[in-house]
Visitor: 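One structure follows; several queries about it will come next.
Letters go in sequence order (proteins before strands), and every chain restarts at 1. As a basis for the values below, the full set of heavy atoms in this structure was taken, side chains included, without hydrogen atoms, waters or symmetry mates.
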Amino acid sequence: MYTQGLDQKPDTEKQVDGTEQLVRFQARIDADEKIEPKDWMPDGYRKTLIRQISQHAHSEIVGMLPEGNWITRAPTLRRKAILLAKVQDEAGHGLYLYSATETLGVSRDQLTEQLLTGKAKYSSIFNYPTLSWADIGAIGWLVDGAAIMNQIPLCRCSYGPYARAMVRVCKEESFHQRQGFEIMLELSRGSDAQRRMAQDALNRWWWPSLMMFGPSDVDSKHSAQSMAWKIKRFSNDELRQKFVDVTVPQAEFLGLTMPDTDLDWNESRGHYDFGEIDWQEFYEVLKGNGPCNRERLAARQSAHDDGAWVRTAAVAYAQKQKRRCQAA
Amino acid sequence: MTDKTHLFEYLLRLGDNALVLGQRLGEWVAHGPELEEEMAMANFALDYIGQARLFLSYAGEVEGQRRDEDQLAFLRDSIDFKNVLLVEQPNGDFGQTIARQFLYESFYQFQLEGLSRSTDTRIAEIAERVSKEIRYHLRHTRKWVLRLGDGTDESHKRIQNSFDELWRFSGELFVADETDNWAVEHGIGPNPETLSSRWNQFVGAALTEATLIQPDDGWMDGGGRYGRHSEHLGYLLADMQFLQRAYPAASW
């Protein structure tokens, strides 16, 4: 759908030599200048940003579902309040990010349609189920933890609206990460049943969290250009390693066992070595064959369909009010 | 009944109304008609859970049996829940949630106004704070009553139907019983009977503006405040209390 937006190039663009513009554009990026919505930008840059920011927005929105599962079942009122606030933050992130995408010439309706038709992707992690309360802890600790690793560099992304949105998103995410860790801590210091719940959540969420950083650098098809445009600042594997290095001691602190027999500190590298990711699983989930892909999209679709009459009514009412104002 | 048991009872009613409605609104998260509305629902749910915590913690202290907010919320069965029937009614479609919200909050705003003048300073302080939240909710909810009532034929029909269906739960809000009379005598809270004319006026004005018909006061359902609930509450509690029931005495 966004090609529609991309086709509407400003007339001025045609008057200037494309190559010269590209050189000037790259020079601005290299000088760490921010690119703003009205500035000229290459189609590829625009397209990459639309893809990336909207995927990010969709992930926030779909991500509300697995966590939303536990709002009604949170074990204490304090935990319920924290979870509600967290999920509300995610809706807020979705909103800023949709707005940031709109500055690139694509509407929220178009983006929603892309999500619902399966044309746009969202983070595969949300296609895994939340089976116990510990999953809410594991999501905060690991999924938000991994998201922060990915997102902190985006605060310095070359595209102004995205970079600014990410500053706020990151602050809230790091709060969520600490809350998730706190849930895990409480469980790991609790009864045997609670520890079992926590360990099971770690077993199920660890590998999918590592997959959140995307394919290995060798196979990542978007990386090089995104690096040159400063949309991306670190490679997938660098960020994944950083995440592993930070998270392993946290798991030790919790007294939980990482579900990876190859995990070991490598003195000479100064990093943890870890086992091979099951990329087959990653690509299957990406294709739609994860445990909850169908449920997630069906839930968004039914929210959209069930709400159609409400949105239509709101528009009709606004039009009536406008006519009344004009008539008055 | 002693002052202590009356006050405990009174606080449970306030706390349970907030808790049950907060729980209902929480069910909307990630299923709303529009992202903005999902945020609004989560926000309202969060406000209500916060209110429930304030009222139930206080109730636990008054009771003096070492029950905290969570023991009161998660370890009582429906017979001991003192909320009105209106707040436990299922969400239905978005319009039904709006209608339920509007009927209840139109009452709650006036109740809070009275409570903010309570001789019990703790209640007065809570009510003062909560009034601000409810004023904002009500502005939002009233606007939706107008949009849906005066929107399309379909939305008009749907929300009219929701008001018709829910109207029978409005009577319970204004019945004064022994506990209410005790509260009035001690300056703790308002007499609910005296709130009904303002409520009727407030609700009536919005319904008229929304081109909706105010349902007739016919037979009114009730009993929630005495632990006689609709079938819906049991499921709500089963869902809400599951972890505390399945893992007794665990800390979360």
Side-chain angles (χ1 to χ4, degrees), chain A residues 57 61-92 94-95 98 108 112 132-133 183 186-187 189-191 193-194 197 299-300 302-304 306-321, chain B residues 19 22-43 45-46 49-50 52-53 56-57 68-70 72-74 93-95 98 143-144 146-156 158-159 210 236 239-244 246-247 249-252:
Chain A
I61 300 309
V62 177
M64 292 165 70
L65 287 162
E67 291 187 284
N69 270 340
W70 283 88
I71 287 175
T72 57
R73 291 179 290 171
T76 67
L77 295 183
R78 175 173 167 265
R79 292 287 180 205
K80 193 189 290 289
I82 292 173
L83 184 57
L84 271 166
K86 181 186 183 201
V87 178
Q88 193 190 350
D89 283 348
E90 272 146 20
L95 271 181
Y98 281 134
R108 198 160 113 196
T112 304
S132 80
W133 171 249
I183 291 177
E186 193 75 40
L187 293 174
R189 289 177 178 174
S191 64
Q194 286 175 303
M197 204 186 269
R300 286 317 305 174
S302 78
H304 188 74
D306 295 346
W309 69 276
V310 176
R311 296 188 298 273
T312 313
V315 171
Y317 177 75
Q319 283 165 348
K320 281 186 195 174
Q321 286 296 93
Chain B
L19 176 59
Q23 181 74 2
R24 278 284 181 238
L25 292 171
E27 293 170 11
W28 267 107
V29 173
H31 303 284
E34 192 81 273
L35 201 43
E36 284 79 353
E37 291 317 303
E38 289 184 12
M39 284 184 74
M41 291 291 187
N43 197 2
L46 188 56
I49 298 303
R53 297 181 68 189
L56 293 179
S57 301
D68 63 14
E69 58 182 42
D70 289 326
L72 288 172
F74 295 96
D93 66 13
F94 182 75
I98 290 294
K143 237 178 233 165
W144 271 111
L146 301 185
R147 286 189 194 111
L148 298 180
D150 193 17
T152 60
D153 289 346
E154 185 188 2
S155 69
H156 178 89
R158 281 185 187 240
I159 197 163
L236 180 144
D239 204 28
M240 182 173 84
Q241 299 180 337
F242 147 67
L243 279 170
Q244 291 271 0
Y247 301 92
S251 161
W252 304 93

Visitor: Among the options Met41(B), Arg24(B), His156(B), Met39(B), pick out the one with the most heavy-atom pairs lying under 4.5 Å from chain A.
Guide: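 That would be Met39(B).
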
Visitor: Apply side chain to side chain contact (heavy atoms under 4.5 Å, CB included) to the pair His304(A) and Thr112(A), showing each step before the final yes or no.
Guide: CA-CA 9 Å; His304(A) 188 74; Thr112(A) 304; 3.9 Å; yes

Visitor: Check each atom of Arg158(B) against the heavy atoms of chain A and say whether the ones under 4.5 Å are side chain, backbone, both or neither.
Guide: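 The answer is the side chain of Arg158(B).
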
Visitor: Return the set of residues passing side-chain contact (heavy atoms from CB on, under 4.5 Å) with Asp306(A) (not counting sequence neighbours), or none when no residue passes.
Guide: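 Counting only residues at least two positions away or on another chain, Asp306(A) forms a side-chain contact (heavy atoms from CB on, under 4.5 Å) with Ser302(A).
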
Visitor: Please classify the contact of Leu65(A) with chain B as side chain, backbone, both or neither, using a heavy-atom distance under 4.5 Å.
Guide: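 Looking at Leu65(A), backbone and side chain both touch chain B.
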
Visitor: Just how far is it from atom CG of Leu243(B) to atom CH2 of Trp70(A), taken to the nearest 0.5 Å?
Guide: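 Result: 5.0 Å between the selected atoms.
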
Visitor: Please look at Phe94(B) and chain A and tell me whether the side chain, the backbone, both or neither of the residue comes under 4.5 angstrom of a heavy atom of that chain.
Guide: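 Its backbone and side chain both get close to chain A.
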
Visitor: Could you tell me which portion of Leu83(A) (side chain, backbone, both or neither) has an atom closer than 4.5 angstrom to a non-hydrogen atom of chain B?
Guide: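 The answer is neither part of Leu83(A).
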
Visitor: Top residue by heavy-atom pair count (under 4.5 Å) with chain B, among Leu84(A), Thr72(A), Ile71(A), Val310(A)?
Guide: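 Answer, by heavy-atom pair count under 4.5 Å with chain B: Thr72(A).
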
Visitor: Taking the side chain as C-beta and beyond, is there a heavy-atom pair between Lys80(A) and Arg73(A) under 4.5 Å?
Guide: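 A side-chain contact is absent here, since even the closest heavy-atom pair is not under 4.5 Å.
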
Visitor: Is it the backbone or the side chain of Leu19(B) that comes under 4.5 Å from a heavy atom of chain A, or both, or neither?
Guide: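 Contact with chain A is through the side chain of Leu19(B) alone.
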
Visitor: Does the side chain to side chain contact (heavy atoms under 4.5 Å, CB included) test come out yes or no for Glu38(B) and His31(B), once each step is laid out?
Guide: CA-CA 7 Å; Glu38(B) 289 184 12; His31(B) 303 284; 5.5 Å; no

Visitor: Which atoms of Arg311(A) are under 4.5 Å from chain B, going by heavy atoms: the side chain, the backbone, both sets, or neither?
Guide: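 Only the side chain of Arg311(A) comes within 4.5 Å of chain B.
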
Visitor: Which bit of Ala45(B) is near chain A, if near means a heavy-atom gap under 4.5 Å: side chain, backbone, both or neither?
Guide: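 For Ala45(B), the contact with chain A is made by backbone and side chain together.
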
Visitor: Within the side chain of Arg79(A), is there an N or O that forms a donor-acceptor pair under 3.5 Å with the backbone of Trp252(B)?
Guide: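 Present.
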
Visitor: Considering only heavy atoms and a distance below 4.5 Å, find which of Thr152(B), Ile49(B), Leu148(B), Leu35(B) pairs most often with chain A.
Guide: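 Sorted descending by pairs with chain A, the first entry is Leu35(B).
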
Visitor: Is the side chain of Lys320(A) donor-acceptor paired with the backbone N or O of Asp150(B) at a distance under 3.5 Å, no angle test?
Guide: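 Yes; at least one donor-acceptor contact below 3.5 Å.
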
Visitor: For a quick check under 3.5 Å, do Glu69(B) and Ser57(B) share a side-chain donor-acceptor pair by atom type?
Guide: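 A pair is found: one side chain offers a donor N or O, the other an acceptor, under 3.5 Å apart.
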
Visitor: Check whether Gln244(B) gets within reach of chain A through its side chain, its backbone, both or neither, counting any heavy atom under 4.5 Å.
Guide: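 For Gln244(B), side-chain heavy atoms alone lie under 4.5 Å from chain A.
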
Visitor: Find the one option among Ala313(A), Ser191(A), Pro75(A) whose heavy-atom pairs under 4.5 Å with chain B are most numerous.
Guide: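 Result: the option with the highest number of such pairs is Pro75(A).
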
Visitor: Please classify the contact between Val87(A) and chain B as side chain, backbone, both or neither, with a heavy-atom cut-off of under 4.5 Å.
Guide: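 Side chain only.
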
Visitor: Where does Ala308(A) contact chain B at under 4.5 Å (heavy atoms): side chain, backbone, both or neither?
Guide: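 Ala308(A) has no heavy atom closer than 4.5 Å to chain B.
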
Visitor: Among Ala40(B), Ser251(B), Gly32(B), which residue has the highest count of heavy-atom pairs closer than 4.5 Å to chain A?
Guide: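 The option with the most such pairs is Ser251(B).
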
Visitor: May I ask you to decide whether Arg108(A) forms a salt bridge with Glu34(B), counting only side-chain N to carboxylate O separations under 4.0 Å?
Guide: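 Judged by the 4.0 Å cut-off on N to carboxylate O distance, Arg108(A) and Glu34(B) do form a salt bridge.
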
Visitor: To the nearest 0.5 Å, what is the distance between CG (Leu77(A)) and CE (Met240(B))?
Guide: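 Between atom CG of Leu77(A) and atom CE of Met240(B) there are 7.0 Å.
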
Visitor: Can you tell which part of Gln88(A) gets under 4.5 Å to a heavy atom of chain B, answering side chain, backbone, both or neither?
Guide: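 Looking at Gln88(A), backbone and side chain both touch chain B.
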
Visitor: Side chains of Trp133(A) and Gln194(A): donor-acceptor distance under 3.5 Å anywhere?
Guide: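 No, no side-chain donor-acceptor contact under 3.5 Å.
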
Visitor: Counting only heavy atoms closer than 4.5 Å, note whether Arg300(A) contacts chain B via side chain, backbone, both or neither.
Guide: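 Side chain only.
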
